[in-house]
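Every number for a ligand or one of its atoms is a count from 1 in the order of the listing. Note that this is a predicted model, so its numbers are computed, not measured.
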Amino acid sequence: MKDMTQGYGAWLREANFIDGAWVGADSGKTIDVTNPATGDVIGTVPNAGEAETARAIDAAARAFPDFAAMDLMSRVSLLWKLHDALMDNQAALAELLTVEMGKPLAEAKGEIAIGAQYVRWFAEEVRRAKGEIVPAGVNGRRILVTKHPVGVVGMITPWNFPSSMLARKIAPALAAGCTVVAKPATATPFSGLAWAALAEEVGYPKGVVNIVTGSARAIAGAMMAAPEVRKITFTGSTEVGKELIRGSADTVKKVSMELGGNAPFIVFDDADLDAAVEGAMVSKYRNSGQTCVCANRLYVQAGIHDAFVAKLVERTRALKVGDGREDGVAQGPLIDMGAVEKVEALLGDAVEKGAKIATGGKRHALGHSFFEPTVLTGATPAMDFAQEEIFGPLAPVFRFETEEEAIAMANDTVFGLAAYAYTRDLGRAFRLNQGLQYGMIGINSGLITTVEAPFGGVKESGLGKEGGSQGLEDYLDTKYVCVDGI
Ligand code: NAP
């Protein structure tokens with residue numbers, strides 16, 4: 001039997017963290033958490049709801065005044081400790097992530113590391129969260145603009161980056177002086193609960209970080225209803241994001257929404273072919289295609305189309321599929337069978353409408369929720385994935401002739417998160433920057449997430465930014481004081 005005090009077991013917490021204590025659900029009910037690569041239950045978490053969330057909010061509201069008033073350098077020093085705790089425990093936290101989510105261990109280690117980088121970044125940024133003194137229109141008056149933490153922040157996160165999606169919210173919140181009530185995804189709650197364990201270990205005051213697991217509707221409902229929750233930050237589907245925006249209206253909460261994507265990946269005839277294929281591999285197959293910025297539609301110009309497809313197919317065939325903990329595995333399982341069925345439905349629709357399978361195309365022989373990395377050619381705008389997020393290892397290739405046509409097809413979606421283009425024409429790169437209706441654009445790059453940059457979408461992909469200086473600004477209110485009679 002595995003010694004649960006070692007390895008990932010050291011960070012596996014089967015309880016919620018409320019007001020500085022590890023507690024179960026009031027009902028005593030729990031939810032099983034399974035490893036998607038094996039189907040084994042790896043532990044249980046409390047099935048909490050409204051009452052437990054209300055207590056967490058109350059704790060966060062009570063902790064807020066003292067935490068907001070803490071010396072800036074004391075808050076910064078806690079963030080430094082949190083960063084070090086993440087990196088000191090990177091291997092165990094990564095294994096925990098892989099067993100509950102399925103991604104290859106190397107990707108999980110990278111996720112813990114980027115989470116730690118966000119913590120360090122915001123520890124640095126908050127020291128520069130400067131106000132302003134604005135010239136007044138009349139003598140004898142001063143106008144001072146100052147920044148203040150928004151208050152209690154409610155956070156809801158998805159399963160595809162169970163640790164770093166929380167990092168991008170918890171780090172700026174704690175840097176700004178906000179207190180936190182977070183709900184991780186039910187499929188991957190342990191990486192979320194590990195943040196509470198880390199916060200406890202480095203000495204955050206009780207009530208500053210609270211983590212609740214269980215019914216999404218009940219927990220979100222309690223967050224929506226509470227006037228003390230001054231901000232809701234959500235990463236997940238556009239459908240749920242819209243519900244949360246509506247729900248936030250009654251108490252006029254600030255909202256940050258990181259929602260769905262439908263990324264175009266455009267390869268022009270003048271592109272560096274090898275670089276474009278490399279970028280497509282990274283952008284398409286990272287996390288088995290389950291990222292919001294994954295290439296969803298590959299548009300390839302006619303002159304380079306066949307050479308690009310041949311190389312993409314060759315590289316795709318070489319991907320090793322398996323349990324994320326095995327050496328050399330590049331593709332883990334999908335999160336669950338629902339995800340497999342979605343990929344199959346999109347594939348079936350495309351084949352029926354004339355697409356051809358160049359490689360892959362079916363469930364993997366390993367069983368469970370493993371799916372073969374797949375390349376499709378002959379994709380058209382009539383196929384469902386032209387409008388829907390695939391969230392799986394399926395790469396549909398569309399052929400195009402002109403730049404105008406590519407931009408028009410790329411923009412023909414309600415989403416506007418990430419877009420990619422490969423070209424060696426500088427003028428075209430600037431035209432794409434102007435023409436593509438996306439919050440983030442990778443020119444000759446398939447991997448664009450970095451702590452220094454503002455991550456976020458436009459259109460129905462969301463509101464607000466994570467990372468960059470903007471990522472801190474979203475956790476601050478601006479106040480202005482007018483000093484007269486000088
Ligand atoms: P999801 O179904 O929207 O779930 C995300 C979170 O919302 C989970 O914690 C979930 O809880 C919770 N939730 C579900 N229904 C809810 C409701 N009615 N009210 C309040 N909360 C609710 O999304 P997902 O399938 O887990 O994640 C994939 C989506 O996230 C994709 O669309 C992807 O593009 C998007 N995403 C966006 C970004 C970005 O930065 N823009 C990053 C990553 C992912 P349960 O787990 O308990 O159901």
Side-chain angles (χ1 to χ4, degrees), residues 31-33 36 45-50 53 100-101 103 111 114 118 154-169 181-193 211-225 229 232-248 255-263 286-296 334-336 338-339 342 387-392 413-419 438-440 448-449 453-467 471 474:
I31 303 170
D32 288 348
V33 182
V45 290
N47 190 354
E50 256 174 65
T53 310
E100 68 174 348
M101 194 273 154
K103 72 176 57 176
E111 182 173 339
I114 196 164
Y118 277 108
M155 309 181 170
I156 301 176
T157 51
W159 48 264
N160 63 342
F161 289 92
S163 186
S164 66
M165 291 298 109
L166 269 172
R168 301 199 316 198
K169 302 179 188 308
V181 178
K183 181 210 128 19
T186 300
T188 58
F190 291 127
S191 296
L193 290 164
I211 308 223
V212 187
T213 55
S215 159
R217 276 188 187 280
I219 294 169
M223 289 180 182
M224 295 294 117
V229 175
I232 291 286
T233 171
F234 171 72
T235 300
S237 59
T238 293
E239 190 190 354
V240 172
K242 287 179 182 176
E243 259 185 62
L244 294 176
I245 293 170
R246 278 191 285 267
S248 297
V255 291
S256 288
M257 295 283 148
E258 294 289 348
L259 309 178
N262 180 359
R286 191 162 62 105
N287 210 6
S288 300
Q290 303 171 112
T291 89
C292 54
V293 291
C294 271
N296 206 59
L334 300 193
I335 189 68
D336 56 25
K342 182 174 182 195
Q387 296 301 331
E388 268 182 58
E389 201 176 14
I390 299 169
F391 242 58
T413 164
V414 296
F415 297 107
L417 192 59
Y438 287 83
M440 297 174 283
I448 54 177
T449 306
F455 187 104
V458 298
K459 292 164 76 178
E460 293 191 18
S461 288
L463 297 166
K465 301 289 177 192
E466 294 192 327
D474 277 5

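Close contacts of ligand 1 with T186, meaning ligand atoms under 4.0 Å from a residue heavy atom, involve 45 (P), 46 (O), 47 (O). When each atom of ligand 1 is checked for a heavy atom of R217 under 4.0 Å away, the hits are 18 (N). Heavy-atom contacts of L417 reach the following atoms of ligand 1: 41 (N) (cutoff under 4.0 Å). For ligand 1, the atoms lying closer than 4.0 Å to a non-hydrogen atom of I156 are 6 (C), 7 (O), 9 (O), 12 (C).
Checking only distances, T238 never comes within under 3.5 Å of ligand 1, N or O to N or O. Remark: ligand 1 and L259 share an N or O pair separated by less than 3.5 Å (distance only, no angle test). Below 3.5 Å of separation, one finds no N or O of T235 facing any N or O of ligand 1.
Nearest to atom 31 (C) of ligand 1 among the protein's heavy atoms is E389 OE1, 3.4 Å. For atom 7 (O) of ligand 1, the closest non-hydrogen atom of the protein is F234 CE1, 3.2 Å. In terms of protein heavy-atom proximity, atom 27 (O) of ligand 1 is nearest to P158 CB, 3.5 Å. In terms of protein heavy atoms, atom 42 (C) of ligand 1 is closest to C292 SG, 2.9 Å. Distance from atom 11 (O) of ligand 1 to its nearest protein heavy atom, with residue and atom name: K183 NZ, 3.1 Å. In terms of protein heavy-atom proximity, atom 20 (C) of ligand 1 is nearest to A220 CB, 3.4 Å. The protein atom (non-hydrogen) at minimum distance from atom 35 (C) of ligand 1 is G236 O, 3.2 Å.
Considering CD1 of I232 and CG of L244, their distance stands at 6.5 Å, rounded to 0.5 Å. Residue W159 holds its CH2 atom at 5.0 Å from CE of M101, rounded to the nearest 0.5 Å. The structure places CZ of R168 at 6.0 Å from OG1 of T449, a figure rounded to the nearest 0.5 Å. Here the straight-line distance linking atom CD1 of I219 with atom OG1 of T186 works out to 7.0 Å at 0.5 Å rounding. Within the model, atoms OG1 of T413 and CG of N296 stand 8.5 Å from one another, a figure rounded to the nearest 0.5 Å.
Using a 4.0 Å cutoff on heavy atoms, R168 counts as a contact of ligand 1. Distances shorter than 4.0 angstrom occur between a heavy atom of W159 and an atom of ligand 1.
Comparing T157, V240, V293 by heavy-atom distance to atom 21 (N) of ligand 1, the nearest is V240. Across S237, P184, G462, heavy-atom proximity to atom 3 (O) of ligand 1 is greatest for S237. For the residues A216, G439, G247, the heavy atom positioned nearest atom 14 (C) of ligand 1 is part of A216.
Considering all non-hydrogen atoms of both residues, V414 and K459 come closest at O-CB, 3.2 Å. Annotation for S237 and L259: closest pair O-CD2, 3.7 Å, computed over non-hydrogen atoms.
When atom types are taken as modelled, the side chain of S461 and the backbone of G416 share a donor-acceptor pair closer than 3.5 angstrom.
Looking only at side-chain heavy atoms (C-beta outward), E466 and Y118 stay at 4.5 Å or farther from each other. A heavy-atom distance below 4.5 Å is found between the side chains of K242 and E460.
Here E243 has side-chain heavy atoms under 4.0 Å from ligand 1, and that is the only part of it that gets that close. At a 4.0 Å heavy-atom cut-off, ligand 1 touches A185 through backbone and side chain alike. No part of M257 comes within 4.0 Å of ligand 1, judged by heavy-atom distances. By the criterion of a heavy-atom distance under 4.0 Å, the side chain of F391, and not its backbone, is placed next to ligand 1. Under 4.0 Å from ligand 1, the heavy atoms of N160 that appear belong solely to its side chain.
A cation-pi geometry, defined here as NZ or CZ lying under 6.0 Å from the six-membered ring centre and within 45° of its normal, does not hold between K183 and F234.
Between T213 and the choices V33, L193, N47, the side-chain contact (heavy atoms from CB on, under 4.5 Å) rule is met once, by L193. When each of D474, T157, T233 is checked for a side chain to side chain donor-acceptor pair (under 3.5 Å) with K169, only T233 meets the rule.
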Kindly indicate, with the supporting measurements, whether the criterion salt bridge (charged side-chain N to carboxylate O under 4.0 Å, His left out) is fulfilled by K342 and E389. CA-CA 10 Å; K342 182 174 182 195; E389 201 176 14; 5.5 Å; no
